[in-house]
Amino acid sequence: MKDYFEVDKWKIIEQGFDPEENRVAESVMSLGNGHMGLRGNFAEKYSGDSLQGTYVAGVYYPDKTVVGWWKIGYPEYFAKVLNAVDFIGLDVKINGVELDLASDNWQLENFQRTLDMKLGLLQRKFTVKDQDDRQTEIISRRFLSMDQREVGVITYQVKPLNHTARLELSPHLDGTITNEDANYGEVFWDEVDKEAFKDQACLTMKTKKTEYIVSSAVNYQYSREPINRSYNITEKNIQHHAEFSVEPGEELKLTRYLGLTTNRDYQDHQVAQRAQNISANAMNTGEEQLFIDHKKAWEAIWEESDIVIKGDVKAQQGIRFNIFQLYQTYTGHDPRLNIGPKGFTGEKYGGATYWDTEAYCLPFYLNTSDNEIARNLLYYRYRHLEKAKENAVKLGSKGALYPMVTMNGEESHNEWEITFEEIHRNGAIVHAIKNYLDYTGDYQYLYDYGIEVAIEVSRYWADRVHYNPRKEVYMLIGVTGPNEYENNVHNNWHTNRMASWTMEFTLDSLNKIKEEAPARYQELLTELELTEEELENWQDIIDNIYYPVDEERGIFLQQDGYLDKVLKPASEIPEKDRPLHQNWSWDRILRSCYIKQADVLQGLYFLQEEYDLETIKNNFDFYEPKTVHESSLSPCIHAILASELGYEEKAYNLYLRTARLDLDNYNNDTEDGLHITSMAGTWMSIVHGFAGMKMRDGKLQFAPFIPENWQGFSFQLNINQSIISVKVGADKVTIELKSGPELTISLYQEDFKLTSSQPAEVPLAK
Ligand code: BGC
């Protein structure tokens with residue numbers, strides 16, 4: 001569905017309405033502010049195909065697991081992101097006929113749905129014509145305040161163009177919502193309380209089992225007094241009615257001020273009152289001022305995190321869409337939250353936290369905002385350490401195995417090949433600690449928290465490997481690497497390497513702590529019952545772990561049996577068979593050589609400094625052609641490595657694929673929601689890929705190039721409170737310190753000290 005949305009630097013524009021694409025457009029037009037989010041659903045009734053979605057951060061439901069064959073170690077539930085009270089719904093009747101854009105009663109003209117990413121505003125404009133040719137123009141707008149996260153504003157303007165209209169507007173709060181993906185068709189919400197007044201409503205609901213209380217309070221404001229008004233209360237629903245007679249050319253406007261609170265933030269008995277106060281205060285402040293404050297908050301985000309691309313509007317739109325959606329999903333204001341792969345844009349995936357957070361999102365937040373946000377993301381895992389230890393025990397192992405998918409530290413995913421076997425995630429979680437330390441130098445975090453995570457994960461690896469006396473090596477068998485198109489393989493290079501790397505990192509860290517904080521070292525030995533013997537065992541594993549390689553090709557093997565497969569490039573797969581997971585049997589996929597996402601290459605990306613260019617090149621040249629990039633997380637890692645290798649065109653094409661994955665619906669699944677976590681990978685493709693940024697031995701390095709059809713690109717970074725701007729122009733590269741501590745950087749391997757008066761400037765390498 002390429003080219004469905006108009007290309008624009010700051011906006012996503014749907015010009016004309018295609019019901020077939022409605023779910024995709026609803027995903028793309030989602031709004032969020034870190035506290036709550038909405039799909040781009042229509043406000044008025046729509047009887048066509050749509051996925052209704054309103055989500056509240058951190059509010060989930062443990063839906064009873066469905067499996068054919070129960071296996072010990074499976075979690076009892078799958079954590080669902082919940083569809084919450086619908087507060088945008090509005091029944092509209094014009095001259096007694098219900099407005100429904102899917103109904104033959106109405107002819108739709110000049111439809112335009114626009115997401116303005118600069119302003120965080122969703123707007124819809126259209127004209128409807130009834131069977132007597134009476135035309136009415138409608139404009140609706142909504143934003144979820146980035147300034148006051150519990151506030152949302154929704155406006156609806158109706159203007160009869162060539163008739164006097166009898167207009168009935170019936171906004172509601174509807175708690176009779178369900179999740180499409182409910183395993184047993186269960187209703188997840190109970191009603192707690194509802195209150196309605198002349199122009200106000202407040203509906204309070206509670207999730208079953210998890211007992212989250214969520215109150216939605218709304219104040220309704222009309223641009224003029226209705227002729228009639230009333231309200232109607234039914235189970236889990238409050239509906240207001242207002243009737244007007246509107247002259248041709250006159251506009252009637254309804255403004256709804258939402259306050260949405262939860263007992264995650266307030267005591268149970270305060271939740272409803274708070275929501276009502278917030279909604280009332282919002283109305284007193286008024287739409288205009290709320291919007292100014294909201295806009296300012298977005299300006300501040302864009303100031304820090306925007307990437308400007310010259311000469312390629314498609315690429316520009318792509319990167320902004322990604323940055324916009326990331327900040328809509330997670331702002332770092334609440335350390336209890338994390339970044340769900342679908343954010344607030346759909347139900348699929350459930351859970352909030354995957355290894356995606358550490359492997360993809362952390363670098364983005366680490367370099368576009370204060371260190372505190374990245375630290376919060378790491379600390380989130382520290383808080384879940386006890387649960388990760390329980391998880392390891394449940395699977396018959398020692399140490400800590402972090403879950404593949406979680407809301408509260410417990411595993412909530414139940415496919416054995418992923419839950420039990422995709423253990424490489426444990427490596428990524430520790431690697432993120434190293435990444436954070438490299439950029440921030442905040443070793444206190446390591447001493448206080450990170451080291452415990454590293455030790456327990458090392459313990460898991462030490463237990464999960466086994467010594468094979470026949471080959472005199474340690475092995476990891478029965479695993480799934482990042483490439484989920486192979487399961488239960490032996491010696492996945494990525495997993496073996498990350499296991500060993502974790503133990504190396506942990507031993508190095510312990511040595512550092514022993515030297516620099518001996519008291520803490522002693523404490524760790526005692527509290528965690530660490531013995532010399534255990535540390536020696538880790539070293540023995542590091543020295544003797546087995547890595548599958550093909551000496552002839554100079555590559556690491558994805559797993560022991562990989563070369564026994566029929567090896568064919570992905571370019572030979574007929575177009576009609578793509579994506580494979582929608583067209584091939586699982587058996588056929590598993591037997592094939594095709595790779596869903598970076599696997600060996602993901603490991604090389606993590607540990608790039610340990611490998612020379614030739615090794616990276618050999619592996620890239622061998623694996624990339626066999627990769628189908630059917631995980632959203634795939635193209636970005638390849639774009640970064642392709643940039644490193646000087647494969648500029650390839651890097652650019654992969655960039656477009658990651659940046660426009662949802663805008664162009666590359667994987668044919670945007671209707672389920674957006675791929676939020678991979679959006680951080682898009683940012684990485686430019687910053688780590690095209691600009692060649694890396695941290696090596698405490699020094700920030702750059703080696704930029706410009707994709708052929710760009711005239712330049714620029715962005716800003718927050719490196720440990722030093723704000724620097726990077727401008728890559730057609731002829732020269734300029735790196736400037738805008739504020740914060742001075743720092744030395746390397747540009748094309750030449751050192752520059754950046755001070756407030758002294759930028760680094762060199763010709764662009766060609
Ligand atoms: C990928 C995983 C990823 C998950 C959530 C899957 O398709 O294979 O690596 O963690 O999506 O983004």
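We count ligands from 1, going down the list as the structure has it; atoms in each ligand are counted the same way.
- With ligand atoms numbered from 1 in the order given, ligand 1 contributes 1 (C), 8 (O), 9 (O) to contacts under 4.0 Å with heavy atoms of Q597.
- Given atom 5 (C) of ligand 1, the protein heavy atom at minimum distance is D356 OD2, 3.3 Å.
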Identify each donor-acceptor pair in which a side-chain atom of residues 389-402 lies under 3.5 Å from a protein atom, sequence neighbours left out, and give them as a table.
from	atom 1	to	atom 2	distance (Å)
K389	NZ	E386	OE2	3.2
N391	ND2	L401	O	2.9
Y402	OH	R381	O	2.8

What side-chain donor-acceptor pairs closer than 3.5 Å can you find for residues 24-31, not counting sequence neighbours?
from	atom 1	to	atom 2	distance (Å)
E26	OE1	R39	NH2	3.0
E26	OE1	L51	N	2.9
E26	OE2	N22	ND2	3.3
E26	OE2	N41	ND2	3.0
E26	OE2	S50	OG	2.7
S27	OG	R23	O	3.1
S27	OG	R39	NH1	2.8
S27	OG	T670	O	2.7
S27	OG	E671	O	3.4
S27	OG	G673	N	3.4
S30	OG	E26	O	3.3
S30	OG	S27	O	2.7

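- When only non-hydrogen protein atoms are considered, atom 11 (O) of ligand 1 lies nearest to Y349 OH, 3.3 Å.
- Ring to ring, F556 and Y611 are close: their centroids are under 6.0 angstrom apart.
- If you look at F324 and F321, their ring centroids are not closer than 6.0 Å.
- Note: Y327 and Y365 meet the aromatic proximity criterion, with ring centroids under 6.0 Å apart.
- Inclusion of Y354 in the set of residues having an N or O under 3.5 Å from an N or O of ligand 1 is not warranted.
- One finds a salt bridge joining D334 and R264 here, because a Lys/Arg side-chain nitrogen approaches an Asp/Glu carboxylate oxygen to under 4.0 Å.
- Shown in contact with W355 at under 4.0 Å from a heavy atom are these atoms of ligand 1, numbered in order with element: 2 (C), 3 (C), 9 (O), 10 (O).
- Checking only distances, K596 does come within under 3.5 Å of ligand 1, N or O to N or O.
- Atom numbering of ligand 1 starts at 1 in the shown order; those under 4.0 Å from a heavy atom of L633 are 3 (C), 9 (O).
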